[in-house]
Amino acid sequence: MTTPVAITLLTQPDCAYCDHAKRVLNQVSVDYPIQVIEIDLASDEGRELARKGGVLFAPGVLIAGEPFSFGRLSERKLRRALHRR
């Protein structure tokens, strides 16, 4: 995998799970080329992406525009998904 995978991270202020997701994404970026785009869940764009992706609460994660997870982000699950790409 050489082309960075776009990962959209839907966040909100004062969110411990959002901070955890950012740390996980930072760790994963060492091994996989990813481009993280952070969007506020309260913004118009964030609400629309959450609605389309079925994100019930922050943080929401979309990989290449496809829903992946919301809530506490699993590093293992993310690595498996990126490895399959």
Side-chain angles (χ1 to χ4, degrees):
M1 176 175 21
T2 57
T3 304
V5 176
I7 295 182
T8 305
L9 180 63
L10 303 173
T11 62
Q12 64 187 28
D14 301 320
C15 169
Y17 284 153
C18 298
D19 295 337
H20 170 78
K22 291 174 192 179
R23 285 191 301 273
V24 167
L25 289 167
N26 189 46
Q27 290 172 318
V28 168
S29 72
V30 172
D31 299 316
Y32 295 94
I34 60 174
Q35 177 186 13
V36 178
I37 302 147
E38 186 175 343
I39 299 174
D40 187 338
L41 191 55
S43 70
D44 289 341
E45 182 182 12
R47 283 192 300 272
E48 181 65 15
L49 287 170
R51 185 188 66 74
K52 286 181 179 177
V55 174
L56 301 179
F57 50 86
V61 178
L62 296 98
I63 298 178
E66 296 297 317
F68 178 70
S69 72
F70 60 89
R72 190 173 192 284
L73 178 60
S74 166
E75 181 175 346
R76 185 179 307 163
K77 182 179 171 186
L78 178 60
R79 286 182 179 275
R80 279 195 310 257
L82 292 172
H83 183 73
R84 285 191 298 264
R85 293 183 156 269

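Note that the coordinates shown come from a computational prediction; the quantities given were computed from them, not determined experimentally. Every heavy atom of this structure was used, including side-chain atoms; hydrogens, water molecules and symmetry mates were not.
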- Scanning both residues in full, the closest heavy-atom pair of S69 with K77 reads CB-NZ, 4.4 Å
- Considering non-hydrogen atoms only, spot the tightest contact between F68 and A81 and give its length. CE1-CB, 3.6 Å
What donor-acceptor contacts under 3.5 angstrom involve side-chain atoms of residues 33-47, with partners at least two apart or in another chain?
| residue | atom | partner | partner atom | Å |
| --- | --- | --- | --- | --- |
| E38 | OE2 | T11 | OG1 | 3.0 |
| E38 | OE2 | K22 | NZ | 3.1 |
| D40 | OD1 | A42 | N | 2.8 |
| S43 | OG | D40 | O | 2.7 |
| S43 | OG | G46 | N | 2.9 |
| D44 | OD1 | R47 | NH2 | 2.3 |
| R47 | NH1 | A42 | O | 2.2 |

- Query: Heavy atoms, side chains only, cut-off 4.5 Å: are H83 and Y32 in contact?
  - Reply: yes
- Task: Could you grab the distance from atom SG of C18 to atom CZ of R23, nearest 0.5 Å is fine?
- Result: 11.0 Å
- Item | CA sep, side-chain torsions, deciding dist, call: L62, I7, side chain to side chain contact (heavy atoms under 4.5 Å, CB included) | CA-CA 6 Å; L62 296 98; I7 295 182; over 6 Å; no
- Message: How close do R79 and D31 get, counting heavy atoms only, and between which atoms?
- Response: NH1-OD2, 2.8 Å
- Residue set satisfying salt bridge (charged side-chain N to carboxylate O under 4.0 Å, His left out) with D14, at least two apart, ordered chain then number -> none
- Hey, could you give me the CG/CD distance between L25 and E75, rounded to the nearest 0.5 Å? 9.5 Å
- Does V24 belong to the same Ile/Leu/Val/Met/Phe/Trp/Tyr cluster as V61, with side-chain heavy atoms less than 4.5 Å apart forming each link? yes
- Is there a path of hydrophobic side-chain contacts, each under 4.5 Å between heavy atoms of I, L, V, M, F, W or Y residues, that connects Y17 with L9? no
- Query: What heavy-atom pair brings H20 and L73 nearest, and what distance separates the two atoms?
  - Reply: NE2-O, 3.1 Å
